[in-house]
Each structure stands twice: as structure tokens, then as C-alpha cells.
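The block underneath contains the structure these notes are about, expressed in C-alpha cells.
Every heavy atom of this structure was used, including side-chain atoms; hydrogens, water molecules and symmetry mates were not. None of the values given here were measured: they were computed from a predicted structure.
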Amino acid sequence: KVVIGGPFASLSPELVRPHCDVLVRGESEEIAAELFADLRAKKPKDEYLGGKPDLSKTPAPRWDLYRNDRALLGAIQTSRGCPFECEFCDVIQYLGRKQRHKPIANVLDEVETLYRLGYRHVFLADDNLTAYRSRAKELLQALAWWRRDKKMNFVSQMSIDVTRDEEMLRMSAAAGITQVFVGIETPNVESLKETGKRQNLKVDLGVEVQKLVDHGISVMGGMIVGFDADTLDVFRAQYEFAQTTAVPM
């Protein structure tokens, strides 16, 4: 039996439908028990459709069953979804714009499990870790407390607007975040306007990146060419912009 699920299958089911016996769309928490039971009984349905579950129902991964000696870093997802409207992003299409959060106690339990298995680097796999400031600060404070007597570093993904909150930057550093992926996209203002990337407008992106670096947080920059507002000059513009910022990757 061939089972296909995940973001691509959820957003473009017609493209994968001919290639699988079982199509799984959406998130798995609410349908996993039925799906696995049907597979064990060798009577799976053609398709299963999951909704947007409460993340308190998300089971902790069975890292004890994994070949942990082959992994460079662990991974924990503390939220799903993003409130922004970036036109090119698939996250808001399949996870929604209303961000849902995993209970912080559950997050700490997962961190502890990874630590006991020898991990010292963990990817907080949220699409926008700091989108909801009050919740993000609560999480960062909890992580900082947990690692007060342990060595653990984190990497994650944030929007550039995090740099407008000095307290958030200090708390991120205290929580052990040493690197973040930031969707810088382009210095072309018209392209940012076209795609609804409003959080990147009316700021000097190079200056904002430097604020993260000044707190000891390295930045991986996401860059895109090919927006409708781009001209052939975009390649040179992107190169020159990249050379002026403290972005190594």
C-alpha cells in the first residue's frame, strides 16, 4: 500500500492521487488512530481528511525508536500557523493564519527527552516562533529556566519584525537561540508590497538583521527572485544587498 500525505498532498491532492492507494490530507492528530487501525486491518479508506487539531493532543515523538546517532539536531514544533499574509507562503494555506500553540509543559518534556538522548542542538520548527509576543515570551522564559543548568542551543524561524522588541531579542538569547531563519526575501520594495510582506517594509533590513547579530543570534536569510515586480536587475540588487548584511547563509 502506498500512502501519501503532508503539505504537498494537502494542497495539491489531484497531483498525487494517481500515485497512491491512500491519500491523507490535513493534519494527523484527529485521524491517526483511525488510519493506523484501518491499515492494520488491511482495509484502509481511499482518503482521510484531518482538521486543525488542538496541539495539546499532539503525541510526543518516540525518539527512543529513532537512530539518534545519525542526527545532527533534534526537532520540536511548539506551534502551527502564522498570522501574516505573505502571498508566496504555503504555511497559511495548509496550517492557517490563526496560530495554535502546544502547551509549554509539553514542549519542556520534549526538550528534556532530547537532552537525555544526547542532543545539544534542537530546531524549534515553528514557522514563526515569535508571532504572538506574549506567548513567545512565556515560552522563551520557560526554556531559559530549563537550560539554567544544562547546555542546549536552539535554532528557529522568526519574522524580521521581532527586532522591534528589544526584550524579545534578549529573551531569545537567554533561551539559547543561536541561529534563526528570517524571510528577508528582497530589497525590492515593490515586490514586498506586491506579495503582502508588510512586516519587511518601512525598515532598513540590513540594520534589523544586525540587531539579531548583536544579540549573538546568527541569521540564515531567505531570499527570492522572480516576483512580478522584479526586473533583470534583481540579481545584481540581491547580490549587492546580501554583501552589505551580516548574513552568512
Side-chain angles (χ1 to χ4, degrees), residues 1-114 116-117 119 122-129 131-132 135-136 139 155-157 159 181 183 195-196 222 224:
K1 295 293 184 182
V2 176
V3 182
I4 300 181
F8 185 77
S10 298
L11 293 173
S12 303
E14 70 282 356
L15 296 180
V16 301
R17 177 69 273 181
H19 305 286
C20 61
D21 300 296
V22 181
L23 175 64
V24 181
R25 296 166 56 200
E27 302 173 47
S28 66
E29 280 84 349
E30 296 172 343
I31 57 175
E34 180 186 12
L35 169 63
F36 295 145
D38 291 350
L39 288 171
R40 290 190 190 98
K42 302 187 186 306
K43 295 180 180 180
K45 299 176 183 176
D46 292 337
E47 183 171 329
Y48 296 81
L49 180 62
K52 291 181 169 54
D54 180 339
L55 297 194
S56 65
K57 300 176 182 177
T58 301
R62 290 291 306 276
W63 289 101
D64 57 303
L65 301 178
Y66 189 63
R67 296 294 297 271
N68 294 291
D69 59 313
R70 301 189 179 191
L72 291 174
L73 72 169
I76 298 173
Q77 186 183 55
T78 85
S79 70
R80 290 181 195 161
C82 179
F84 293 130
E85 298 179 310
C86 310
E87 175 268 340
F88 50 82
C89 184
D90 64 348
V91 169
I92 56 177
Q93 302 300 326
Y94 75 94
L95 292 177
R97 289 188 55 218
K98 182 178 180 181
Q99 195 173 64
R100 289 162 287 140
H101 304 109
K102 184 179 292 183
I104 290 176
N106 296 22
V107 174
L108 294 181
D109 285 344
E110 291 188 41
V111 175
E112 182 69 31
T113 296
L114 290 170
R116 290 176 179 172
L117 289 169
Y119 288 91
V122 168
F123 176 37
L124 300 175
D126 303 41
D127 296 294
N128 193 341
L129 183 73
Y132 285 81
R135 192 270 178 178
L139 174 63
V155 300
S156 194
Q157 305 178 105
S159 172
F181 176 88
T195 57
I224 300 176

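Counting only distance, with no hydrogens or angles, the side chain of Lys102 and the backbone of Gln77 share a donor-acceptor pair below 3.5 Å. The backbone N or O of Ser79 lies less than 3.5 Å from no partner atom in the side chain of Arg100, so there is not a single donor-acceptor pair. When atom types are taken as modelled, the side chain of Asp21 and the backbone of Val2 share a donor-acceptor pair closer than 3.5 angstrom. Glu110 places no side-chain N or O within donor-acceptor distance of the main-chain N or O of Ala75, the cut-off being under 3.5 Å. Remark: the backbone N or O of Tyr94 is not paired with any side-chain donor or acceptor of Ser10 at under 3.5 angstrom. The backbone N or O of Thr78 lies less than 3.5 Å from a partner atom in the side chain of Asp126, making a donor-acceptor pair. Between the Asn68 side chain and the Tyr66 main chain, a donor and an acceptor come within less than 3.5 Å of each other.
When side chains are defined from C-beta on, Arg135 counts as touching Ile104, because their heavy atoms get closer than 4.5 Å. Asp127 is listed as a side-chain neighbour of Leu95, based on a closest heavy-atom distance under 4.5 Å. Under the 4.5 Å side-chain criterion, counting only non-hydrogen atoms from C-beta, Arg17 is in contact with Asp46. Here the side chains of Leu73 and Val155 are in contact, with some heavy-atom distance below 4.5 Å. Side chains of Leu139 and Val107 form a contact here, defined as non-hydrogen atoms less than 4.5 Å apart.
Under the side-chain hydrogen bond (donor to acceptor under 3.5 Å, both in side chains) criterion, the residue pairs touching residues 34-44 are Glu34-Lys45, Asp38-Tyr48, with sequence neighbours excluded. Residue pairs meeting the salt bridge (charged side-chain N to carboxylate O under 4.0 Å, His left out) criterion with at least one member in residues 78-87, sequence neighbours excluded: Glu27-Arg80, Glu29-Arg80, Glu85-Arg97, Glu85-Arg198.
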Mind running side-chain contact (heavy atoms from CB on, under 4.5 Å) on Leu129 and Ser156 for me, showing each step along the way?
-> CA-CA 7 Å; Leu129 183 73; Ser156 194; 3.5 Å; yes
Quick one: do Thr58 and Asn106 satisfy side-chain contact (heavy atoms from CB on, under 4.5 Å)? Show the steps, please.
-> CA-CA 9 Å; Thr58 301; Asn106 296 22; over 6 Å; no
Might you work through the side-chain contact (heavy atoms from CB on, under 4.5 Å) test for Leu35 and Val22, ending with a clear yes or no?
-> CA-CA 10 Å; Leu35 169 63; Val22 181; 4.3 Å; yes
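Atom CG of Leu65 has more than 12 neighbouring heavy atoms from other residues, nucleotides or ligands inside a 6.0 Å radius. By the 6.0 Å contact criterion, CZ on Phe88 is enclosed, its count of non-hydrogen atoms from other residues, nucleotides or ligands being greater than 12.
Lys1 and Pro44 get closest at one heavy-atom pair: CE-CG, 4.4 Å. Cys82 and Ile92 get closest at one heavy-atom pair: O-CG2, 3.3 Å. In plain terms, the two heavy atoms of Ala9 and Leu23 that are nearest each other are CB-CD1, 3.9 Å. Across every non-hydrogen atom of Trp63 and Gly74, the tightest pair is CH2-CA, 4.2 Å. A pairwise comparison of heavy atoms in Gly222 and Phe181 identifies CA-CZ, 3.5 Å as the closest pair.
Atom CG of Leu114 and atom CG of Asp109 lie 11.0 Å apart (nearest 0.5 Å). Here the OG-NE2 distance, from Ser56 to His101, works out to 13.0 Å after rounding to the nearest 0.5 Å. Here Arg25 contributes atom CZ and Ile4 contributes atom CD1; the two are 13.5 Å apart, rounded to the nearest 0.5 Å. A distance of 9.5 Å separates CG of Leu72 from OH of Tyr119, quoted to the nearest 0.5 Å.
Remark: Thr113 pairs with no residue by the side chain to side chain donor-acceptor pair (under 3.5 Å) rule, at least two apart or across chains.
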